[in-house]
Structure formats: structure tokens, C-alpha cells
There are 2 protein chains.
Amino acid sequence: MPGARPDRRVRRTRDAIHRALVALMLEKGYDAVTVADIINRADIGRSTFYTHYTDKQHVLYATLDQLATFLRAHSDASGGRLFGFSRALFEHVHEQRDLLRALLGRRGGTVVHTRIRQVLTDLVRHDLEPRTGTNAVVPIDIAVDSVVGAYLALLSRWVDDNEPRPPRDMDLAFRQLIIPGVVASLDLTNPAIGPTTGTGQTKRTAHHTSGTGTSTEITDEQWTEQPGLRRPFL
Amino acid sequence: MPGARPDRRVRRTRDAIHRALVALMLEKGYDAVTVADIINRADIGRSTFYTHYTDKQHVLYATLDQLATFLRAHSDASGGRLFGFSRALFEHVHEQRDLLRALLGRRGGTVVHTRIRQVLTDLVRHDLEPRTGTNAVVPIDIAVDSVVGAYLALLSRWVDDNEPRPPRDMDLAFRQLIIPGVVASLDLTNPAIGPTTGTGQTKRTAHHTSGTGTSTEITDEQWTEQPGLRRPFL
DNA sequence: CGTGATACTGGACAGTGTGTTCATGAATGG
DNA sequence: CCATTCATGAACACACTGTCCAGTATCACG
């Protein structure tokens, strides 16, 4: 049964390995970290490592799965707001800065980006697909890719920033930069970008966004902490 | 003198090494390629490799420098059009698909993305900086990052596509997805997005894009081949 | 064509990292 | 308390790296 709590020694060992990897990634970058490094830092025997993980990568994957779970949970709980994961993820990264910098930042590995890109791509597609209008002028796959690309670029740069801006500002900037083009290109119906006043009003012209007032204003309202999910994923 | 043409043997060797690396990257991905692989494929002696390059990476850098040169040339020659590099790069990649897929695609290395990101970031910043208005609501660095992130995401996915869309469509999609948000967020003056009819008219409101008609319509007009630059960069 | 300069060869070598195996000893939880 | 499970550390085969060197082939140029 997967719910069964493993042996205390196992927990200790896995935890030590995990902590060692994160610390080393912050120091040398993922690529430069060697299994021997991890073993020394975690102060465990060589064979012990290989009974738990096959690889350096394997350790990373274990961590990433938890991040993916966290992401999906927050997306589901976002009340259907467009790009609901965004604010939550910025907030989470803010609180777990060291860990996430190790993963997402300059020194993180390709693996991490690939994996997170997959997860985000799924989330964004589920966000956009049901809202796409009949007059879309850009294939949805392409829209999804560009949204995810832009978001990941912001996030990656942000974690490496020494004096980071508040998560709220990052989320707002992302929305203001990305949403207008997506709305126009996909002929989005009821973007539900800001408050709950979305009236189901449909946009007609794809090229020229004629502002309709408050219902599509890009703000950070409707943001409330989700206590049950705020527990860091690690 | 750097212009002097190197010894024929040197040319032959360097070329063989370069071709071997690209071929192997397409087969196994950059990370999995070993120096021994390159040597075998290029059919040269081990020590020969090390007299020309210090590394696997070194070979890659040599290739990337040429790509960077190509990019800058095309950006300068774009007549000041916003994101002038975009169409040119899509076209170029289209013609050199195999090579560029090796570099930019799924199997390419982190190094490539990092380097190209740098180059594109410079280009985009030089595009946006002089046009930024006084009512910008997003820091220019963040806007640049998101534009580059979105563009690279599109490009990377595109090179791995088996039935790729025409470069023109990709360029258009990129513009339609990205430009509206950037115009609004940076309060861009005279975006010069489409034809030359830009009147220098200044937008006032950052949040609501009230369409002004043809001057900011997003098209692919004003695209002309630049014969002097169409020579592949390799 | 001849010759001095330059480049390629291929094998040997030390160094570093990987992943497996196994006998031994220690901690765990019921 | 004790059967079970886990950790240890050393030894081993393997793969890749980067350097060195003496011998050989190819080049550019007068």
C-alpha cells in the first residue's frame, strides 16, 4: 500500500539525499553535481544511494512529482479563473525560494524545465480550450506554447533575482502582457480575467479589442489564500 | 590575421567535426553525445580533436556564434519594424531545418537555449526600449523576458514539428499573440507593427486598447527577402 | 619539384565518475 | 526479543575525459 509510512531509516536516508541534492544544485548547478557529491554531502554509503535511486535524475524526478501535484491542486482550486495557477505558483515560489531557485533557476537542469513545461502546458490548455471562440485566428497549441513560454521565462528569471518583486506584481505583469493577445487571437469568450462580473459577453472581432469596461479589466482581485493547500509541497 | 583562410587540412577536420556533432545530436541528443562518438563519426584521431577544440561545448559555441551573427544582421536590416528578426529567423530555420532542429529542438542542449536567449533578449530590448511610452505599467525587463520566452517556445516546438506550418503563419501568430499585451503594458508609441502608415500617434490608456484602425493592424506586409543575407549562416 | 612548416595519427596513461555486488553489522517495528 | 529490513564500505569492471609524444602524412610556397 502506498500510504504506508516507510521505515524510519528509509525516511532519514531519502531526506538526506534530497537535501544534499538541492544544496549542491544551488552551489554548482545540477549538471556539475555528481553522485559522489551527493553521497558525501548526505553522508551515506554509495550502495545505499543506489538502493533508493537509480540516478541523479531519479532523485530530481521524485522532487518534481511533488511540484506537479502542488500545481494541479492549485489550478483546480482556482475557481476557473483564467491562468489561476499563476498567482498561486508565484506565491509558493516566493516562500520556497531556495528550493525553487535550485530547480527553476539558471543552475537548474533541462529536465526540470521540460517536466514543468509539460505540466503547465496541460494546465493552460485546459484553461483555454473551453473558452476558445469560433473566430480564433491562431491554433490553440501555438497559443498555449507561447503562454507557457512567457510564463516560464518570467518565473525562471524571477527566482534568480536578488531583489525580487512581490509575487502579486509578477502575476499582474504576466496577465497584462499575455492576456490581451490571447483574448484577441483565440477569440476568447468570457475570459473571467478579473472580478466575478463576467457576464458571458462574447467578443466578436478578433483583431481590435474594443474595451468593454470592468468585466475584462486585468487585476489581481479574487485572490484568496487557500489554507489547505498552502502547505509547501516539500 | 583572422581573415586568412586556414590550411585545407584544418578546414577538412573542423568541418568533419562539426558535421559529426550535428548528426549525432539529431540521433541521440546533445547530452548523450560523447567526444569519442564525434571522433568515430568524423573519422579523426583523438588528439586531433583536442588540438582544435577543448570540449564538446566548444564545438557547439563555434556554431552558435555564427547563428548569433546571422540574427543580428537580420535585425539591423529589418528597417526598424517591431520584432523584425522574427520572420527572418522563421524563414531561416525553415531552410536549415535539420541543423536548427539539432540545436533548438528537444534534443538540443541547455547551452544553446541560454545563448540564443541572450541574443534575442538584446534584440528585443533594443526594439522595445525606444518605443516605451510614459505610461508603461510593466517594467521593460519583464516585458522583454516574456516576449523572448514566448518566441523561443514557439520556435523550439516548431522545429520538432513533423508537418510544420509555414514560417509566415508562425510569424503572424507570434505577433498576434504577443504584440497586443506588449503595446498595452509598455504604452508603446508608434509600434510600426504593420505597414509604414504609422503616424506617430500615441496611445494614452494602458489598460484598454481602443483600436485605431490600420496603423496598428498586425499583418505580415513589408516582408521582403534580403538576398545578401539569405545565405545560410553555415 | 623540393623542402621546411604544419597538421594528423594512434596508442598509452592517469584521473574521475558510474553502477553493481557482497559479506558484515546495525536499526527497526511488531 | 528477534526476524526482518536497511545501511555500510570496499572491491570491481566499465566508460569517458584530457594530455602527451614520436612517427607519418599533407600542405603552402619559393
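Residue numbers begin at 1 in each chain, while the letters A, B, ... track the order of the sequences. Note that the structure is predicted; figures quoted are calculated from it, not measured.
With hydrogens and angles ignored, no donor-acceptor pair under 3.5 angstrom links the side chain of A:Arg9 to the base of D:dA7. Contact of A:Arg46 with D:dT8 (side chain to base): no donor-acceptor pair of N or O atoms is detected under 3.5 Å. No N or O donor and acceptor, one from the side chain of A:Arg8 and one from the base of C:dG29, sit under 3.5 Å apart.
Mapping B:Asp55 and B:Arg11 onto DNA chain D by nearest heavy atom places B:Asp55 at the nucleotide closer to the 5' end. Both A:Val33 and A:Ser47 lie close to DNA chain C; mapped to their nearest nucleotides by heavy-atom distance, the more 5′-ward contact belongs to A:Val33.
Rounded to a whole Å, the CG atom of A:Asp31 is 14 Å from the P atom of C:dG17. Regarding A:Asp43, its CG atom lies at a distance of 16 Å from the C1' atom of D:dC6, rounded to whole Å. At whole-Å resolution of the value, CD in A:Gln57 and C1' in C:dT18 are 14 Å apart. Here the P atom of nucleotide C:dG11 and the CG atom of B:Asn40 are 12 Å apart, to the nearest Å. Put simply, CZ on B:Arg12 is 15 Å from P on D:dA25, counting in whole angstrom units. For the pair B:Ile44 CD1 and D:dT26 P, the interatomic distance rounds to 16 Å; values are reported in whole Å. Between the CZ atom of B:Phe49 and the C1' atom of D:dC20 there is a distance of 17 Å, rounded to whole Å. Per the geometry, CZ belonging to B:Arg14 stands 9 Å off P belonging to C:dC8, to the nearest Å.
Residue A:Asp7 places its side chain closer to D:dC6 than to any other of D:dC16, D:dC27, D:dC6.
Neither OP1 nor OP2 of C:dT16 sits under 4.0 Å from any side-chain N or O of A:Thr34. Taking side-chain N and O atoms only, B:His52 has a distance below 4.0 Å to OP1 or OP2 of C:dC8. Residue A:Thr51 has no polar side-chain atom (N or O) positioned under 4.0 Å from OP1 or OP2 of D:dC6. Within the 4.0 Å cut-off from OP1 or OP2 of D:dG18, at least one side-chain nitrogen or oxygen of B:Tyr50 is found.
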Original post:
Can you list the steps and then say if A:Val22 with A:Asp98 is a side chain to side chain contact (heavy atoms under 4.5 Å, CB included)?
Top reply: CA-CA 8 Å; A:Val22 170; A:Asp98 278 354; 6.0 Å; no
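Between A:Tyr151 and A:Phe85, the two ring planes are perpendicular [angle over 60°; tilted spans 30° to 60°].
Taking the six-membered ring for Trp and the full ring otherwise, the centers of B:Phe90 and B:His94 sit at least 6.0 Å from each other.
Residues A:Leu60 and A:Met25 meet the side-chain proximity criterion, which asks for heavy atoms closer than 4.5 Å.
Checked by atom type and distance alone, the side chain of A:His113 pairs as donor or acceptor with a backbone atom of A:Leu104 at under 3.5 Å.
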